[in-house]
Amino acid sequence: MGRPGSLTAGGHQRTEVTLRPATTDDAGRLLDWRNDPEAVRFSVSGRQVTPGEHREWLSARLADPSTHLWIAEQAGDAVGQVRVDVLDGTGTVSVAIAPSQRGRGFGSAVLVAMVVEMNRLGDAPTLRALAHAENTASIRAFERAGFHRLARHEGEFAVLECTIRAER
Ligand SMILES: CC(C)(COP(=O)(O)OP(=O)(O)OC[C@H]1O[C@@H](n2cnc3c(N)ncnc32)[C@H](O)[C@@H]1OP(=O)(O)O)[C@@H](O)C(=O)NCCC(=O)NCCS
């Protein structure tokens, strides 16, 4: 853990983040980021989650070895989260950056760092993400991290994929 993802995205200053595993202490910030209006707008469910739902969801995810949930930090401050749910060799990726930190290159850098970790872990040869077709920042951030957009859509969502080569 802790290998930095760094990126110089168009016009951004060099942005570096490190990933650490999320814990129950991160419940508050994860709920805030999940229920932020833009995150809700572009989510698959299109609705906010309640604190109770969130608590149950987080304990289940933290207990499940097929879920990797990381908090991205810059200089010790939490700036976002990235999660990969692995099923049958495919990791489904979800990412969110703290509202006050968006548009500074963190989304791209967090995804780059996640790809490094997934290369190291080697449990998902394919990564996949669904990004709302109007969510330009998300689509661009995934593309910056090496994902390519497939021709097909799933409803309102663009499908992006990335192939992982295990380093071991
Ligand atoms: C989507 C999200 C993760 C992107 O992270 P970010 O830190 O804001 O994005 P970045 O600063 O890394 O920018 C990524 C690219 O999008 C572009 N971008 C950033 N904000 C943008 C905006 N509001 N509109 C259009 N493009 C935007 C950037 O210019 C950059 O493109 P470039 O590399 O060609 O210059 C973040 O905005 C977020 O958490 N949104 C709410 C939750 C969400 O939508 N999650 C994704 C679900 S799949």
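Each ligand, and each atom within it, is numbered from 1 in the order the structure gives. Just so it is clear, the model here is predicted, and its values are computed rather than measured.
Remark: ligand 1 and Thr136 share no N or O pair separated by less than 3.5 Å (distance only, no angle test). Checked by distance only, ligand 1 and Asp36 stay at 3.5 Å or farther apart across all their nitrogen or oxygen atoms. At under 3.5 Å, not a single nitrogen or oxygen of Leu130, backbone or side chain, sits near a nitrogen or oxygen of ligand 1. Ligand 1 has no nitrogen or oxygen under 3.5 angstrom from a nitrogen or oxygen of Ala141. When only interatomic distances are considered, the shortest N/O to N/O separation between Ile97 and ligand 1 falls below 3.5 Å. Distances between N or O atoms of Gly105 and those of ligand 1 include at least one value under 3.5 Å. The N/O atoms of Arg140, backbone and side chain alike, include one that comes under 3.5 Å of an N/O atom in ligand 1. Considering backbone and side-chain N/O atoms, Val95 comes within less than 3.5 Å of an N/O atom of ligand 1.
Glu53 and Arg55 are not joined by a salt bridge, as no carboxylate oxygen comes within less than 4.0 angstrom of a charged side-chain nitrogen. Between Asp26 and Arg20, at least one side-chain N (NZ, or NE/NH1/NH2) sits under 4.0 Å from a carboxylate O, which counts as a salt bridge. A salt bridge does not link Arg61 with Glu56: none of the charged nitrogens is closer than 4.0 Å to a carboxylate oxygen. Ion pair Arg102/Asp36 flagged as a salt bridge, since at least one NZ, NE, NH1 or NH2 atom sits closer than 4.0 Å to an Asp/Glu carboxylate oxygen. For the pair Arg149 and Glu143, the salt-bridge criterion is not met [side-chain N within less than 4.0 Å of a carboxylate O].
Ring planes of Phe42 and His132: tilted class, angle from 30 to 60°.
Screening Leu19, Asp123, Val82 against His68 for a side-chain contact (heavy atoms from CB on, under 4.5 Å) leaves a single residue, Asp123.
At least one donor-acceptor pair closer than 3.5 Å links the side chain of His54 to the backbone N or O of Ala27. Listed for the Asn35 side chain is a donor-acceptor partner under 3.5 Å among the backbone atoms of Val49.
The Ser108 neighbourhood of ligand 1 comprises atoms 12 (O), 14 (C), with distances under 4.0 Å to a heavy atom of that residue. Less than 4.0 angstrom separates some heavy atom of Arg144 from each of these atoms of ligand 1: 32 (P), 33 (O), 34 (O). In the vicinity of Gly107, heavy-atom distances shorter than 4.0 Å reach the ligand 1 atoms 5 (O), 6 (P), 7 (O), 12 (O). Ligand-side atoms of ligand 1 in range of Asn135: 43 (C), 44 (O), 46 (C), range being under 4.0 angstrom from any heavy atom.
The shortest heavy-atom distance from Ala129 to ligand 1 is not under 4.0 Å.
Using a 4.0 Å cut-off between heavy atoms, Arg104 contacts ligand 1 through its backbone alone, with no side-chain atom that close.
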